[in-house]
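In what follows, a structure is listed as structure tokens, so that the remarks can point back to it.
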Amino acid sequence: MDADRNWRCFRSLGPFAFDATGIVLSLIQPLSTQGVGVFVVCTFDGEHILVPERNWDKSRAFLEGAGHVFVE
């Protein structure tokens, strides 16, 4: 079995209205425009954006630059 290892996850805090639009786009656009590949998993209470470990720091910087705030 093949595995693609060393991914980290950003998670949005929901829940979001089912008719809300643009939530996932606002998270992946700052990353994809900078060439960062992502894997997205959506649930009823938030989105999980997985990025390769090697891109973690710059991904966070791109998201912060787009106005996203992190809670730790």
Side-chain angles (χ1 to χ4, degrees):
M1 176 188 288
D2 292 330
D4 192 356
R5 302 187 187 283
N6 300 318
W7 289 72
R8 290 186 66 182
C9 181
F10 294 107
R11 181 181 178 271
S12 64
L13 299 176
F16 300 103
F18 284 113
D19 60 352
T21 61
I23 295 168
V24 174
L25 179 62
S26 76
L27 294 166
I28 63 172
Q29 190 170 39
L31 303 176
S32 64
T33 58
Q34 296 296 324
V36 177
V38 300
F39 183 83
V40 180
V41 178
C42 297
T43 67
F44 71 95
D45 68 343
E47 282 64 54
H48 300 75
I49 309 299
L50 288 87
V51 298
E53 173 77 37
R54 68 185 177 278
N55 294 329
W56 179 256
D57 292 331
K58 68 181 178 180
S59 295
R60 182 175 173 138
F62 296 148
L63 290 168
E64 287 176 327
H68 294 282
V69 177
F70 290 86
V71 178
E72 296 182 38

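Since the structure is predicted, the reported quantities are computational estimates derived from the model, not experimental observations.
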Would you call D45-R11 a salt bridge at under 4.0 Å N-O?
yes

Is it the case that one hydrophobic cluster holds both [X] and [Y], taking links as side-chain heavy atoms less than 4.5 Å apart, direct or via other members?
X	Y	result
F70	L50	no
W56	I28	yes
V24	L31	yes
V41	L63	no

To the nearest 0.5 angstrom, please state how far the [atom1] atom of [X] sits from the [atom2] atom of [Y].
X	Y	atom1	atom2	value
W7	N55	CH2	CG	8.5 Å
E47	L13	CD	CG	10.5 Å
E64	S59	CD	OG	11.0 Å

So V36 and K58, do their side chains get closer than 4.5 Å, heavy atoms only?
yes

pair D4-F39: side-chain heavy atoms closer than 4.5 Å
no

Output yes when a side-chain donor or acceptor of S12 lies under 3.5 Å from a complementary backbone atom of G46, and no otherwise.
no

Under the side chain to side chain contact (heavy atoms under 4.5 Å, CB included) rule, what do T43 and H48 come out as? Steps first, then yes or no, please.
CA-CA 8 Å; T43 67; H48 300 75; 3.8 Å; yes

Taking all non-hydrogen atoms of both residues into account, name the closest pair between F10 and R60 and its distance.
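Minimum heavy-atom contact is CZ-N, 3.8 Å.
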
Would you check, one step at a time, whether the test side chain to side chain contact (heavy atoms under 4.5 Å, CB included) holds for L27 with H68?
CA-CA 8 Å; L27 294 166; H68 294 282; 3.5 Å; yes

